[in-house]
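In what follows, every chain begins at residue 1, and chains take the letters A, B, ... in the order their sequences are listed.
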Amino acid sequence: AQSVTQLDSQVPVFEEAPVELRCNYSSSVSVYLFWYVQYPNQGLQLLLKYLSGSTLVKGINGFEAEFNKSQTSFHLRKPSVHISDTAEYFCAVNPNQAGTALIFGKGTTLSVSS
Amino acid sequence: GAVVSQHPSRVICKSGTSVKIECRSLDFQATTMFWYRQFPKKSLMLMATSNEGSKATYEQGVEKDKFLINHASLTLSTLTVTSAHPEDSSFYICSARHGQPEAFFGQGTRLTVV
């Protein structure tokens with residue numbers, strides 16, 4: 001069975017500092033990987049996705065993530081965060097089966113302060 | 001990206017009444033829709049998977065008679081919380097897929113039962 005582990009439940013950082021949110025997955029088959037962001041009282045917005053090809057993927061709002069198959073990781077990074085990046089971030093994996101839901105990690109709360 | 005619209009964004013109802021939440025895919029046909037419940041500071045809990053024209057598949061522990069799901073068309077799924085009680089108060093989110101690896105999410109509905 002596939003699963004997603006987000007290693008940090010909360011990540012506090014100062015504005016303009018770099019940040020990395022960690023995500024590990026387990027799967028016996030090829031997977032598609034995603035990062036979603038959720039602002040308070042809103043739904044989830046797709047930040048970026050890895051489907052195939054280059055292991056470094058760039059997303060919206062200056063975020064990027066690197067797929068590492070040997071370490072089964074898909075960490076999210078941003079070189080310089082803003083106050084507005086404060087939100088909940090979810091890593092997810094697609095079981096690659098038609099009609100099945102994405103499998104989510106428990107989420108990481110990113111808190112950016114000045 | 002594809003747009004999923006969820007309505008209403010907030011609803012307050014009296015204990016014992018029923019509430020209907022709508023989820024629409026605006027610019028694509030969603031063969032599969034998913035309903036999630038999110039508790040404060042917690043991740044997403046998949047409630048059910050809804051396929052157009054067929055009965056929804058509920059996750060273990062979710063009462064299908066309490067949370068009625070209808071997916072009558074390729075662009076609309078509804079979740080009805082029947083005989084709502086204060087413990088049903090939560091944030092409900094829908095998502096939709098049609099062939100793509102990623103899922104697109106609605107804005108969420110904050111349900112408060114008083």
Side-chain angles (χ1 to χ4, degrees), chain A residues 1-10 23 25 27 29-53 57 59-61 65 67 74 87-111, chain B residues 1-11 21 23-25 30-59 62 71 90-112:
Chain A
Q2 288 140 338
S3 65
V4 177
T5 302
Q6 291 185 242
L7 298 160
D8 308 292
S9 59
Q10 295 189 15
C23 173
Y25 69 94
S27 176
V29 298
S30 297
V31 295
Y32 302 128
L33 294 158
F34 310 91
W35 276 98
Y36 285 85
V37 60
Q38 183 182 33
Y39 300 102
N41 293 310
Q42 294 186 28
L44 276 67
Q45 180 182 6
L46 181 65
L47 266 181
L48 49 77
K49 60 186 177 185
Y50 172 77
L51 304 181
S52 65
V57 292
I60 62 172
N61 302 341
F67 169 61
F74 190 55
E88 192 77 20
Y89 291 80
F90 292 97
C91 181
V93 62
N94 178 336
N96 204 15
Q97 297 173 19
T100 58
L102 301 185
I103 298 171
F104 285 90
K106 293 186 181 299
T108 298
T109 302
L110 175 64
S111 300
Chain B
V3 179
V4 176
S5 177
Q6 190 173 336
H7 179 80
S9 57
R10 290 178 176 271
V11 59
I21 302 169
C23 180
R24 295 180 183 271
S25 56
T31 49
T32 307
M33 287 186 170
F34 308 92
W35 287 94
Y36 294 85
R37 181 173 179 176
Q38 187 176 34
F39 297 94
K41 304 297 184 183
K42 294 293 185 182
S43 186
L44 303 163
M45 182 191 82
L46 179 66
M47 299 175 66
T49 300
S50 165
N51 291 293
E52 186 265 339
S54 61
K55 290 184 177 181
T57 301
Y58 290 82
E59 296 299 304
V62 177
H71 192 164
S90 194
F91 194 61
Y92 294 88
I93 310 175
C94 71
S95 75
R97 290 174 63 187
H98 177 62
Q100 320 95 327
E102 63 266 44
F104 300 97
F105 287 79
Q107 305 93 317
T109 297
R110 173 73 59 193
L111 170 63
T112 303

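- The choice from B:Thr57, B:Asn51, B:Leu44, B:Thr49 that makes the most heavy-atom pairs within less than 4.5 Å of chain A is B:Leu44.
- A:Gln38 touches chain B through its side chain: at least one heavy atom from C-beta onward sits under 4.5 Å away, while N, CA, C and O do not.
- Atom CZ of A:Phe104 and atom CD of B:Gln38 lie 10.0 Å apart (nearest 0.5 Å).
- The part of A:Leu51 that comes within reach of chain B is its side chain, from C-beta onward, which places non-hydrogen atoms under 4.5 angstrom from that chain.
- Using a 4.5 Å cut-off between heavy atoms, B:Thr31 makes no contact with chain A at all.
- Put simply, CG on A:Asn94 and CZ on B:Arg97 are 4.5 Å apart, with the number rounded to the nearest 0.5 Å.
- Annotation for B:Tyr36 and A:Ala101: closest pair OH-CB, 3.6 Å, computed over non-hydrogen atoms.
- When all heavy atoms of B:Glu102 and A:Tyr36 are compared, the pair lying nearest together is CB-OH, 3.9 Å.
- Put simply, the side chain of B:Ser43 gets close to the backbone of A:Gly105: a donor and an acceptor are under 3.5 Å apart.
- Put simply, the side chain of A:Tyr32 never gets that close to the backbone of B:Gln100: no donor and acceptor are under 3.5 Å apart.
- Looking only at heavy-atom pairs under 4.5 Å with chain B, the residue among A:Thr109, A:Leu46, A:Leu102, A:Asn41 that has the most is A:Asn41.
- At a 4.5 Å heavy-atom cutoff, B:Gln6 makes no contact with chain A through either its backbone or its side chain.
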